[in-house]
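Working notes, beginning with the structure itself.
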Amino acid sequence: MKYQRIRGMQDLLPDEQPYWSHVEATCHDLATRFGFERLEPPLLEATELFVRGVGDATDIVSKEMYSFVDKGEDALTLRPEFTAGVMRAYIENGLSSRPQPQKLYSFGPIFRRERPAKGRYRQFYQLNAEIIGSADALADLEILLIAHSLYREIGFENLVFQINSTGDPECKPRFLDALRAYFEPIADKLAPLDRERLARNPLRVLDTKERETLPFLADAPRFLDYLNDDCRSHFAELTGYLEALSVPYQINHRLVRGLDYYTKTVFELWGEGLGAQAALCGGGRYDGLIEALGGPPTAGVGFATGIERIIMSMRELGIPPRALRKPDVFIAHLGEPAKKAAVQLVADLRGRGIPARIAFGSRSLKAQMKDADRAGCGVALILGDAELAQGVVLARDLARSEQVSVPIAETPAWLAARGA
RNA sequence: GUGCCUAUAGCUCAAUAGGUGGAGCGCCUGACUGUGGCUCAGGAGGUCGUGGGUUCAAGCCCCACUAGGCACCCCA
């Protein structure tokens, strides 16, 4: 085999399309139902946007971006997430002058140059939703709810959100100080990796998987205990809504998220059967981001979910996709004059919105019938020169193995009556 | 990026102790000269991931590379 897929890239084959169209349609439908409008930023942005918007200390920026210099001039990057591009578009296109808040969603491919594994690809698809311009905890709730509705409508059960708060620029430093004060005296007992984290990014010690460190986490400071009044009441309001709506959630004191821009609410949802790549969706509030990107001070909250991981969980849990509509009608023909008439007929049916296939070549009727069966068609219209001479087709119901003779001109009506 | 495991037909997998590669499913054709599914018969399809090495002889042993998987890192 001479050519092969680029590492971490995948071909989405016809057999997988029922899953994709089901999930994709559910995403668009739900976003619309929740009052979100679509905003699709380009795949390419200035590298600097992601460095500033995502954070140059994050894994995404420091080692996972597909970046290149275009014709020796512009530093460009294939988007490694949606949020920064959406914020840039919001600022650049003056969406802050539209009625606030703006509820925007995006659906498309994302690129991260990580080592591939099951459920982890270098090009993968995300649904992303953002509410820009509201600090209300109700906005956080809507983000949680659209995610929850998506999974519920696809057929997931027993899903529980993990949520936490990571404060704001006023109370976050106090918590970080407390974390250091707790861990530094026992640093020599922590795993080596966690000693590094403590120095570089203390929050990361909280979600460690290192055995040596785990015993010390139970008594570690909790962010919720260090929130200022604003952050605490915001969190309480959100959890109050969740309880009122009976949306299952767990407060997870160890949940911290990698991106620099999060403030207040952070959350994740994990799926089954995905191994170490379990995160189905993640998100949170990012009240300082737009200002950091050169816009006016603007609150924001959003989430992203990975489509491949949803589909993989569906397979794992045996959740069937909605069947795709296949062509209902297959036209078989015998003889050259009949073939010409069949071309007319198939064009007529398609023009009337009836999905139809026509046999290629001039094969035996048997072979054509076999094709009709395997194409999943419900009806075969048989048009031979003999039928053509009488101005009819033989309409065969493939499931019932019954067929009748129908005048060619009445075929669309016959099919319509059958469909109803 | 690190460690470990894997790689044979379109798919899932066999191949005894190094000794010229098979099955099931799928695909094509026919039995049925104008009727699908079921059955039966026949057929096509492989430089054994790629490149090197050891050996009289390599799908099998060794090395490198490529790709996939698992764990780590991190996330969707």
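Everything numeric in this text was worked out from a predicted model, so none of it was measured. Each chain gets a letter, A, B and so on, in the order its sequence line appears, and its residues count up from 1.
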Worksheet item: How would nucleotides 32-41 of chain B be written as a contact map, 5' to 3', with B for base contact, S for sugar-phosphate-only contact and - for no contact, using protein heavy atoms under 4.0 Å?
Response: B-BBBB----
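Annotation: Tyr261(A) is in aromatic contact with Tyr286(A) [ring centroid separation under 6.0 Å].
Side-chain proximity of Lys209(A) to the nucleotides C72(B), C75(B), A67(B) is greatest for C72(B). The side chain of Arg115(A) approaches C4(B) more closely than any other nucleotide in the set U66(B), C75(B), C4(B). Which of C73(B), A76(B), C74(B) sits closest to the side chain of Ala304(A) comes down to A76(B).
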Item to complete: Assess whether salt bridge (Lys or Arg N to Asp or Glu O under 4.0 Å) is satisfied between Lys103(A) and Glu142(A), documenting all intermediate values.
Response: CA-CA 10 Å; Lys103(A) 301 173 72 174; Glu142(A) 288 224 323; 2.5 Å; yes
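In the interface, the side chain of Arg113(A) is not paired with the base of G1(B) through any donor and acceptor atom under 3.5 Å apart. You'll find a donor-acceptor pair under 3.5 Å spanning the side chain of Glu114(A) and the base of A76(B), going by distance alone.
Under the Watson-Crick and G-U wobble criteria, each requiring two contacts below 3.5 Å, nucleotide G43(B) is paired to C27(B). The base-pairing partner of G37(B), taking Watson-Crick or G-U wobble contacts with both distances under 3.5 Å, does not exist among the strands shown. A57(B) is unpaired under the criterion used here, namely a Watson-Crick or G-U wobble arrangement in which both key atom distances are under 3.5 Å. In this entry A67(B) has U6(B) as its Watson-Crick or G-U wobble partner, both defining distances falling under 3.5 Å. U20(B) makes up no base pair with any nucleotide shown, lacking Watson-Crick or G-U wobble contacts both under 3.5 Å. Using N1 to N3 plus N6-O4 or O6-N4 for Watson-Crick, or N1-O2 and O6-N3 for G-U wobble, each under 3.5 Å, A76(B) pairs with nothing.
Computed from coordinates, the Leu78(A) CG to A76(B) P distance equals 17 Å when rounded to whole Å. Leu193(A) places its CG atom 11 Å from the C1' atom of C74(B), with the value rounded to the nearest Å. Atom-to-atom, CD of Glu268(A) to C1' of C75(B) comes out at 8 Å; the value is rounded to the nearest Å. To the nearest angstrom, P of C75(B) lies 11 Å from OH of Tyr261(A). In this structure, Leu203(A) places its CG atom 11 Å from P of C75(B), rounding to the nearest Å.
Paired with Gln10(A) under the rule side-chain contact (heavy atoms from CB on, under 4.5 Å), one option of Leu12(A), Ile6(A), Leu13(A) passes, and it is Leu12(A).
At the heavy-atom level, Ala117(A) lies under 4.0 Å from the strands shown only through sugar-phosphate atoms. If you check every strand for non-hydrogen atoms under 4.0 Å, Ile310(A) touches nothing. Looking at heavy-atom distances under 4.0 Å, Arg122(A) makes no contact with the nucleic acid at all. Heavy atoms of Arg257(A) sit under 4.0 angstrom from primed sugar atoms or phosphate atoms, though from no base atom. Tyr121(A) comes within 4.0 angstrom of a base, heavy atoms only.
Salt-bridge annotation for Asp188(A) and Arg195(A): absent, with no side-chain N of the basic residue lying under 4.0 Å from a carboxylate O of the acidic one. Using a cut-off of 4.0 Å between Lys/Arg side-chain N and Asp/Glu carboxylate O, Asp194(A) and Arg197(A) are scored as salt-bridged.
Within residues 5-13 of chain A, the residues having any heavy atom closer than 4.0 Å to RNA chain B are, in order of number, Arg7(A), Gly8(A).
A distance of 8.5 Å separates CZ of Phe175(A) from CG of Leu224(A), quoted to the nearest 0.5 Å.
C74(B) and C48(B) have their P atoms separated by 42 Å, given to the nearest Å. For the P atoms, the distance from C5(B) to C62(B) is 11 Å, rounded to whole Å.
A cation-pi contact, defined as under 6.0 Å to the ring centre and within 45° of the axis, links Arg315(A) to Tyr19(A).
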